[in-house]
A.B. asks: 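The structure's right below; bear with me while I get my questions together.
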Amino acid sequence: MRVGIGHDLHRLRPGGPLRIGGIDIPHDREAIGHSDGDSLLHAVIDALLGAAALGDVGQMFPDTDPANRGRDSTEMLAAALEAVAALGWKIVNIDCIIFVQRPKLLTHRLSIRQRLADILGIDLERVGLQAKTGEGIGSIGLEKAVAAQCVVLLGERDEG
Ligand code: MG
């Protein structure tokens with residue numbers, strides 16, 4: 001088995017929607033990023049690549065490459081998963097935390113988990129998701145940033 005950890009943060013600006021986990025959530029702020037600014041998917045990508053010692057999202061998708069501008073992070077995650085699977089690994093489970101002051105994510109939690117499960121090709125019960133505010137202080141609490149963390153456990157794929 002292998003365990004990996006991922007972390008990502010994006011600055012926020014007035015606008016919307018807010019993309020989290022491949023879902024566009026109606027909001028009055030949006031993430032600034034070279035790609036689509038999806039911090040949750042970027043954290044999942046880094047956790048996957050980290051578990052397989054394949055580097056990180058910046059290495060696989062450099063922000064110096066114009067092809068990655070505005071790129072859909074679900075595509076990047078699919079490519080990372082493919083690289084990990086090619087080494088003989090499959091996902092046992094993932095657990096993630098989103099750090100954002102607003103909006104309340106409770107009503108979006110199931111759809112974000114389902115989207116992650118669909119992209120990763122795993123059962124919903126293997127995808128954990130928690131949401132935290134910034135308690136009104138710091139970059140998260142003052143709504144200047146959104147961040148995410150993820151841990152992933154990989155196991156050996158059954159052959160045949
Ligand atoms: Mg990022």
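For this chain, numbers begin at 1 and follow the sequence in order. When a ligand or atom number is given, it counts from 1 through the structure's own listing order.
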A.B. asks: Please check if the side chain of Asn68 supplies one atom and the backbone of Pro62 the other of a donor-acceptor pair under 3.5 Å.
C.D. replies: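 Pair found, side chain donor or acceptor close to backbone of Pro62.
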A.B. asks: List the steps and the verdict of ring pair (Phe, Tyr, Trp, His ring centres under 6.0 Å) for His7 and His42.
C.D. replies: CA-CA 8 Å; His7 173 91; His42 295 175; over 10 Å; no
A.B. asks: Using modelled atom types only, decide if a donor and an acceptor are shared between the side chain of Asp38 and the backbone of Ser73 within a distance under 3.5 Å.
C.D. replies: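 Looks like no, no N/O pair under 3.5 Å.
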A.B. asks: Between His34 and the Mg ion (ligand 1), is there a contact where an N/O/S atom of the residue lies under 2.8 Å from the metal?
C.D. replies: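 So His34 does not bind the Mg ion (ligand 1) by this criterion.
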A.B. asks: Just wondering, do Leu40 and Leu116 contact through their side chains at under 4.5 Å, heavy atoms?
C.D. replies: yes
A.B. asks: Give the name of the N/O/S atom in His42 that lies closest to the Mg ion (ligand 1).
C.D. replies: ND1
A.B. asks: Is there an N/O/S atom in Asp8 that lies less than 2.8 Å from the Mg ion (ligand 1)?
C.D. replies: yes
